[in-house]
Amino acid sequence: MKHERRKPFPNDFLWGGSTSAYQVEGAWNEDGKGPSVIDMAKYPEGTTDFKVASDHYHRYKEDIALFAEMGFKAYRFSIAWTRIYPNGDGEVNRKGIEFYDQLINEIRKHGIEPIVTIYHFDLPYALQEKGGWSNRATIDAYENYCKTLFEHFGDRVKYWLTINEQNMMILHGEAIGTVDPNLKNPKKELYQQNHHMFVAQAKAMALCHQMLPDAKIGPAPNIVTIYPASSKPEDVLAANNYAAIRNWLYLDMAVYGRYNNIAWAYLEEKGYTPTILEGDMEILQNAKPDFIAFNYYTSQTVAASEGNEEDVNQTGDQHITVGEPGVYKGASNPHLKKNEFGWEIDPVGFRTTLREIYDRYHLPLIVTENGLGAIDQLEEGDVINDTYRIEFLRNHIEQMQLAISDGVEVFGFCPWSAIDLVSTHQGISKRYGFIYVNRDEFDLKDLRRIRKQSFYWYKQVISSNGANL
Ligand code: BGP
């Protein structure tokens with residue numbers, strides 16, 4: 001369907017941008033902040049750590065003024081758990097509350113809607129030392145942290161996201177730096193952690209509805225369409241397997257409070273089923289999200305696996321399928337071009353993904369990440385001619401509008417990233433922002449902010465409400 005007459009974007013569409021605390025803020029040990037698992041992780045050689053990042057902690061006013069200049073209607077960012085509770089639980093750190101108070105006020109002062117991710121990969125290290133998500137006490141710590149956030153910021157924050165990309169932490173946690181290297185039986189343990197995160201998420205949704213009746217809350221997994229490598233029935237089945245394990249396990253739980261049957265069968269087959277305590281399923285069933293937020297960068301293609309160990313591909317990248325012997329194996333899609341980092345570029349797959357999610361759950365959708373990581377060149381006269389980023393976003397926005405014309409309810413688009421920040425495992429040189437941050441991997445230079453070409457382009461996309469792409 002070409003939709004010669006496309007539906008316009010809704011008038012109150014939330015055009016914006018996204019960041020996460022540890023990737024943008026810096027100030028990693030200032031004002032009482034405790035260390036997170038990310039602060040303690042090993043970084044790939046040649047890439048920077050997250051100690052200074054984009055120094056947003058000290059420059060947030062300037063950054064938000066720039067977001068406002070672009071016309072942002074919304075800004076999606078995360079709160080660092082370790083600024084609020086340096087040890088994960090226990091004493092609240094007043095300075096942490098103060099920082100986010102000021103940040104939220106600044107965002108709202110510019111008429112921008114804050115969208116808060118409660119937890120974006122940066123689990124407090126103090127909790128990790130006590131077993132992290134393997135320990136059910138982390139569920140209580142998370143619930144208590146949520147309560148503190150709702151109490152302090154609930155009067156000004158209407159949109160909450162529970163956990164960023166829980167599915168990526170389970171499937172690609174080693175690349176991201178969230179997996180405890182001391183885990184004895186990692187896969188099995190990760191699915192136990194997964195279960196605990198599900199319970200924590202359900203508790204957060206219920207608590208939010210109870211404390212803030214006007215607020216909205218939802219999950220934020222990474223969801224993408226999964227293609228079979230061919231029309232061979234076994235490949236189609238493999239795609240079906242992977243879609244259940246990667247996508248629907250997470251959304252079926254968030255929306256319906258039940259384990260997806262195919263994903264559960266996989267857990268049984270592999271011996272990864274988690275221990276479920278009495279009362280857990282009730283908690284899971286009683287919590288309902290108001291919307292689904294999701295991140296999309298690329299589609300995935302998989303083929304049947306006969307069970308060979310070689311079908312596992314450990315590239316250490318969260319967008320290259322790992323594979324599981326006998327279940328599915330990653331394949332490349334000959335119809336798609338790749339970005340500089342090997343991620344396939346698939347705007348049409350974005351439309352399919354939007355359709356698939358809406359079809360299954362009929363909840364309003366918001367895109368909380370989408371974007372192109374690239375090595376930008378700073379040219380003479382402070383010019384960054386990132387036409388490739390403009391093209392990427394234009395094509396994805398176009399497909400999003402087609403999905404809206406298909407009848408999919410989408411209420412916002414917050415691409416990654418509002419401003420340059422440090423990638424999860426590929427350093428600061430892999431840039432995503434509309435605003436360039438003048439630093440290199442190890443040379444902090446002056447960290448000054450420079451508007452890229454995409455900044456001016458996105459500004460007119462927003463001011464025309466998506467009519468001028
Ligand atoms: C998602 C994460 C983000 C972000 C993005 C880009 O998985 O939610 O935190 O970093 O991917 O990935 P990368 O930084 O690895 O290029």
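Just so you know, ligand 1 is whichever comes first in the structure, and atom 1 is the first atom listed for that ligand.
For atom 10 (O) of ligand 1, the closest non-hydrogen atom on the protein side is Q23 NE2, 2.9 Å. The shortest contact between atom 6 (C) of ligand 1 and any protein heavy atom is with Y432 OH, 3.4 Å. Taking atom 15 (O) of ligand 1 as the reference point, the nearest protein heavy-atom neighbour is T424 OG1, 2.5 Å. Ranking protein heavy atoms by distance to atom 12 (O) of ligand 1, first place goes to Q318 NE2, 3.2 Å. What sits closest to atom 5 (C) of ligand 1 on the protein, heavy atoms only, is Y297 OH, 3.2 Å.
Residue H110 holds its NE2 atom at 10.5 Å from CD of E69, rounded to the nearest 0.5 Å. Going from atom CG of L127 over to atom CD of E129 covers 9.5 Å, rounded to the nearest 0.5 Å.
Taking 4.0 Å as the cut-off between side-chain N and carboxylate O, E324 and K187 count as a salt-bridged pair. Using a cut-off of 4.0 Å between Lys/Arg side-chain N and Asp/Glu carboxylate O, R156 and D101 are scored as salt-bridged. Under 4.0 Å is where a charged nitrogen must lie from a carboxylate oxygen, and between K158 and E113 no such pair does.
When heavy-atom distances to ligand 1 are checked against a 4.0 Å cut-off, Y22 has no atom that comes that close, whether in backbone or side chain. Of the heavy atoms in F341, none comes closer than 4.0 Å to ligand 1. Neither the backbone nor the side chain of I176 has a heavy atom within less than 4.0 Å of ligand 1. Contacts between S423 and ligand 1 below 4.0 angstrom, taking non-hydrogen atoms only, involve backbone and side chain alike.
N295 and N164 form a side-chain donor-acceptor contact under 3.5 Å, judged by distance and modelled atom types alone. A side-chain donor-acceptor contact under 3.5 Å links Y358 and E409.
Proximity of W343 to ligand 1 is established by a heavy-atom distance of less than 4.0 Å. Under a 4.0 angstrom heavy-atom cut-off, N222 registers as lying outside contact with ligand 1.
Between Y328 and Y242, a ring centre-to-centre spacing shorter than 6.0 Å is recorded.
Heavy-atom proximity to N164, at under 4.0 Å, picks out these atoms of ligand 1: 8 (O). Every atom of ligand 1 with a heavy atom of H425 under 4.0 Å away is listed here by number and element: 15 (O).
Environment of NZ in K73: sparse, with no more than 12 heavy atoms of neighbouring residues, nucleotides or ligands closer than 6.0 Å.
Nearest to atom 8 (O) of ligand 1 by heavy-atom distance, out of Q426, M168, E369, is E369.
Each of Q166, R246, H172, E369 was scored for a side-chain hydrogen bond (donor to acceptor under 3.5 Å, both in side chains) with N222, with one residue passing: R246.
Looking at ligand 1, you'll find an N or O of E165 within less than 3.5 Å of one of its N or O atoms.
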